[in-house]
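Just below is one structure, and these are the notes that go with it.
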Amino acid sequence: MLCDICHKREAKIYYTEIRNGEKKEQYLCEECAAGQSTFQTNKGEYSIEGTLNNFLSNILGSIYGEGEQKENKDTMPRCESCGISYEDVLEHGKFGCAHCYDSFKVMVDKSLRQIQGANNHIGKQPERAKDSSKSYVLNMTETEKLSLQLQEAIEREEYEEAARLRDQMRVLKGEEECVNGMKKKENTAM
Amino acid sequence: MRKWYEEEGEYSDVVISSRIRLARNLKKYPFSPKLSEEQAVALNHEVMEKLEDIKNESGTYLTCSINHMDEISRLSMLERYIISPIMVEKKQETGLMVAPDERASIMINEEDHLRIQSLTGAMNMKKALEEAYKIDDYIEEKLDISYHNQYGYLTACPTNVGTGLRASYMVFLPALDAAGNMTQLMNEAGKFGVTIRGMYGEGTKACASIYQISNQKTLGMSEEDIIEKLDSVVLQVIHQEQKRREHILNTNFSVLEDQIYRSYGVLKYAKQINTKDAMTLLSQLKFGEDTKTVTLEKPNMIFRMMMEIQPANLQQKLGKIAGSAQRDQKRAEYINMYLPELIK
Ligand SMILES: [Zn+2]
Ligand SMILES: [Zn+2]
């Protein structure tokens, strides 16, 4: 594959650039890539992360509002543990340490709702964490779990997925009722 | 010792591989944006020392430092799916522990302190997850991992928090590609929380009709549910691809057959060939093999060849001096030599 700029050398590097909200993809050779100062790769990261971070910064930024953010530069919260500022997190879309999740909890909760559509972990946990946390999710019934997932799918605007979950819930509920009905019958027979 | 790309399995006519990545961080160090040079070195040392004895069926993991390698070696490891783009670029101390069969690896100081990776051939995410869990459990015995009671496994970027899980299928979709269905499919998949991207991941173009399909969200669903949801989308993609293939075979068999044999001929006898052309021709031959239009003496070689003819992989075999003209000649030579014989 040839470079999209010089059309001479072999393209080795893939670039994505976001300009005015439009995504532009390019295949470049090393020489031409080095000359592209606007590309985010020059910050030492692959541009894909850049686009993700832009997206994230937009979300995080919109929670507090752009103007508000600039005016209150000095009063912006910092993480006590690693010293990273709220502004830094906004700019790079990354946290400085594990403690940041608690330091910026309000922002974390809101942004996780938007990015992930949820803010509670379900699933694998380290052996040593198991005693300290009795996750409520583990004790939920299948239908309760599905209902939670359904709410989350609706919030994420994944309507097809929501419809699938709703159907799954109906089937499950139908089965439960059926089982209950049978139990009743057994009881009366006894 | 069989590599993952030589493996037969479920839906192997469409699915090339199943990959799990788990993001994990150590309690002891700040995340990568706040990690100093000294801490990066200490992190690499500590992980390599504590995990010294880690092994799988193929033997004890090999350990190496990535940032001290030359760029060609790093790119070549990227082309073989051993390391990620971030690892190629990063200047700070980065390391890799990899099983001899390349099915399992641990990247050290990527975007997170640890990225556990497990690969299997064809559609078998369950097995990939089991393998990744084995590594994860072993690591938890040896190192103190960041875990939050509400948010789960903590990661530098909130897009990975919770399970830290990225499950990704590599699929071959020539018929859907030819029908011009991919853009629509990518949009549709998004509604189900699934991403479809090019052969080398985020930000890369699709090459030779090879795509990666993976989950977007990592929080609020168990690992099993994430995979189940992903599978339901992937199975639909597979069935659509199979239906399109059947249609092409039924309506256009002689044209297709001719194209496949021609591709074989060019690959067998070309004296120089660039990556893009070679990928297109290999893709057609793979299509021929997967639809049983042709039978090759040595099966499942084509995808491996696709990886090996990538620029950095070739360059590594050639040494540093080669320019792109020499590479094109070497690429042709390599293909002439390794292309499996046709069985009539
Ligand atoms: Zn160029
Ligand atoms: Zn912090």
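The chains referred to below are lettered A, B, ... by the order of the sequence lines, with proteins before strands, and numbering in each begins at 1. Given the structure is predicted, the values throughout are model-derived calculations rather than measurements. Values reported hereafter were calculated over all heavy atoms of this structure, with side chains retained and with hydrogens, waters and symmetry mates removed.
- Ranked by heavy-atom pairs shorter than 4.5 Å toward chain A, the options B/S146, B/G193, B/A278 are led by B/G193.
- Annotation: cation-pi geometry not satisfied between A/K94 and B/F31 (NZ/CZ under 6.0 angstrom from ring centroid, within 45° of ring axis).
- Residues A/C97 and B/P30 share a closest heavy-atom pair of CB-CA, 4.2 Å.
- With a 4.5 Å cut-off on non-hydrogen atoms, A/L112 touches chain B through its side chain but not through its backbone.
- For B/K91, no part lies under 4.5 angstrom from a heavy atom of chain A.
- Judged by distance alone, with hydrogens and angles left aside, the side-chain atoms of B/E223 form a donor-acceptor pair with the main-chain N or O of A/K124 at under 3.5 Å.
- With a 4.5 angstrom heavy-atom cutoff, B/N215 does not touch chain A via any of its atoms.
- Neither the backbone nor the side chain of B/D277 comes within contact range of chain A; no heavy atoms are under 4.5 Å apart.
- Of the listed residues (B/V161, B/I145, B/D328, B/N25), the greatest number of heavy-atom pairs within a distance under 4.5 Å of chain A belongs to B/V161.
- Between A/H121 and B/T163 the shortest side-chain heavy-atom distance falls below 4.5 Å.
- Distance CG/A/N120 to CG/B/L219: 7.5 Å, rounded to 0.5 Å.
- A/K105 and B/Y151 get closest at one heavy-atom pair: NZ-OH, 3.3 Å.
- No part of B/V233 comes within reach of chain A, as not one of its non-hydrogen atoms sits under 4.5 angstrom from that chain.
- In the displayed structure, B/Q184 atom CD is contacted under 6.0 Å by at most 12 heavy atoms of other residues, nucleotides or ligands.
- A/Q116 places a side-chain N or O within 3.5 Å of a backbone atom of B/T218 that can act as its donor or acceptor partner.
- Looking at every heavy atom in both residues, A/G93 comes nearest to B/P158 through O-CD, 3.5 Å.
- The line from NE2 of B/H148 to NE2 of A/H99 is 9.5 Å long, rounded to the nearest 0.5 Å.
- Looking only at heavy-atom pairs under 4.5 Å with chain A, the residue among B/E224, B/E188, B/M279, B/K229 that has the most is B/K229.
- In this structure, the side chains of B/L154 and A/F95 stay at 4.5 Å or more apart for every pair of heavy atoms.
- Only the backbone of B/E141 has a heavy atom closer than 4.5 Å to any heavy atom of chain A.
- For the pair B/T155 and A/Y101, the tightest heavy-atom approach, listed with the atom from each and the gap, is O-OH, 2.6 Å.
- In this structure, the portion of A/D102 lying under 4.5 Å from any heavy atom of chain B is its side chain and not its backbone.
- Closest of all the heavy-atom pairs between A/A118 and B/G220 is CB-CA, 3.7 Å.
- Annotation: A/E80, atom CD; neighbour count of heavy atoms from other residues, nucleotides and ligands within 6.0 Å does not exceed 12.
- Contacts with chain A were tallied for B/A156, B/A325, B/P311, B/G152; B/A156 has the most, counting heavy-atom pairs under 4.5 Å.
- A 4.5 Å side-chain heavy-atom check between A/E161 and B/F192 finds at least one atom pair inside the cut-off.
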